Structures are given as structure tokens and as C-alpha cells.
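Structure first, commentary second.
One-based numbering along the sequence shown. Bear in mind the structure is a predicted one, so any value in this text is a computation, not a measurement.
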Amino acid sequence: MTGWTHIPTHIPEEPHMISSGDLPGLDLPNVDAHSDLGSLGSVELHDPTQDLTGDGIADTETVHGDHSLEVWTDMDHDGTADHVSIVDDSGDYAAWEFHHNPDGTTQWVRTDQGHIGK
């Protein structure tokens, strides 16, 4: 057959940043106060509804997971979460900040953890 061009049935997608659209309601699987978020990568916030920084601009999305409450905040208004706090039903909590390292890598670094209650 001349003039025939094979069109692949599957074209691989380019890797992209994780966004709240990829993770419905930012419902991250198995994320709790004891999780290691170090290699999670950046998380894009599409629909912030609260103003946690007090500057009049919505910067925070709150997610009610199966066993936890997650608060994702974009402190510098660049569209990606810079901070997350998670409180489990058990009262355990933890907080992380998203760091941009000098070598160009990024990671989530735990900044606080503990237990609320007795």
C-alpha cells in the first residue's frame, strides 16, 4: 500500500505536574499524619476556597479524606501548594512544607507532628 501511514493507537503522554484535577478533591491515596510526602512532587491547586494567609486572596483547599482532614495552602500564590497540614481521626497530626532545593530538586519536608487530645 502506497501512501499508507501507520497511526499509533496509543501516544504516550508527557509527564506533568500532579494537580488537584488529577487527584479528585486532592484525595491522595494513603496520605495521613504518618505518611512520607518527600517524593510526592508539587501539587497544583485549582480551586482554593479559603484565605488562610489573610491577604484577601483564596489560597487554600481543604479535603475531608476517609480518615483525615487535609489543608493544602499556596502561600506565594503561584498555583501550587507550599504547605499541607493533616489531622487524622485518631488525633495524630503533621505538617509539611514544599522545598525547592539549590540543586533544582524539590521535596516535601515535615515541619511538625504530634497528637491532639489526651
Side-chain angles (χ1 to χ4, degrees):
M1 288 181 137
T2 59
W4 173 258
T5 303
H6 174 70
I7 300 173
T9 56
H10 172 33
I11 300 172
E13 293 182 22
E14 291 184 30
H16 66 281
M17 178 172 44
I18 295 173
S19 73
S20 58
D22 297 328
L23 309 165
L26 284 177
D27 187 17
L28 300 170
N30 300 319
V31 173
D32 61 26
H34 303 282
S35 296
D36 177 10
L37 302 184
S39 62
L40 176 64
S42 63
V43 176
E44 188 174 344
L45 302 181
H46 287 288
D47 191 27
T49 57
Q50 296 96 25
D51 174 18
L52 192 69
T53 60
D55 60 6
I57 300 170
D59 53 29
T60 301
E61 289 187 36
T62 302
V63 178
H64 299 271
D66 290 338
H67 303 286
S68 65
L69 173 70
E70 305 166 22
V71 181
W72 298 83
T73 304
D74 176 10
M75 305 293 277
D76 59 6
H77 305 293
D78 68 351
T80 61
D82 304 301
H83 187 272
V84 62
S85 296
I86 300 175
V87 180
D88 293 344
D89 291 347
S90 67
D92 291 338
Y93 70 88
W96 292 265
E97 290 180 351
F98 190 63
H99 287 231
H100 296 269
N101 300 317
D103 66 358
T105 62
T106 57
Q107 68 183 29
W108 285 94
V109 176
R110 189 184 315 259
T111 58
D112 196 9
Q113 65 184 23
H115 184 80
I116 299 171
K118 299 178 183 179

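Closest approach of D112 and Y93 over heavy atoms only: OD2-CE1, 3.7 Å. Residues R110 and A33 approach most closely at NH1-O, 2.8 Å, considering heavy atoms. The two atoms that bring W72 and L45 nearest to each other are O-CD1, 3.7 Å, heavy atoms only. For the residue pair D74 and G79, the shortest heavy atom distance occurs at OD2-N, 2.6 Å.
For H99, the NE2 atom sits in a packed shell: over 12 heavy atoms of surrounding residues, nucleotides or ligands are nearer than 6.0 Å.
Looking only at atom types and distance, the side chain of T53 has a donor-acceptor partner in the side chain of D51 under 3.5 Å away. D88 and S90 are not linked by any side-chain donor-acceptor pair at a separation below 3.5 angstrom, with hydrogens and angles left out of the test.
Put simply, the side chain of D78 gets close to the backbone of T80: a donor and an acceptor are under 3.5 Å apart. Remark: side-chain polar atoms of E61 are paired, donor with acceptor, to backbone N or O of H46 under 3.5 angstrom.
Hydrophobic clustering of Ile, Leu, Val, Met, Phe, Trp and Tyr side chains at less than 4.5 Å, counting indirect connections, unites L40 with V63.
L69 places a side-chain heavy atom less than 4.5 Å from the side chain of T62. Side chains of F98 and L37 form no contact here, defined as non-hydrogen atoms less than 4.5 Å apart. Looking at heavy atoms from C-beta onward, Q107 lies in side-chain contact with V109 at the 4.5 angstrom threshold. In this structure, the side chains of S42 and E44 stay at 4.5 Å or more apart for every pair of heavy atoms.
The line from CD of Q50 to CG of D59 is 8.5 Å long, rounded to the nearest 0.5 Å. How far CH2 of W96 is from CG of D82: 15.5 Å, rounded to the nearest 0.5 Å. From M75, atom CE reaches atom CG of L52 across 6.5 Å, with rounding to the nearest 0.5 Å. The OG1 atom of T73 lies 11.0 Å from the CD atom of E97; values are rounded to the nearest 0.5 Å. For the atom pair CD of E70 and CD1 of I86, the computed distance is 4.5 Å after rounding to the nearest 0.5 Å.
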- Test log, rule side chain to side chain contact (heavy atoms under 4.5 Å, CB included), inputs D55 and H77: CA-CA 11 Å; D55 60 6; H77 305 293; 2.7 Å; yes

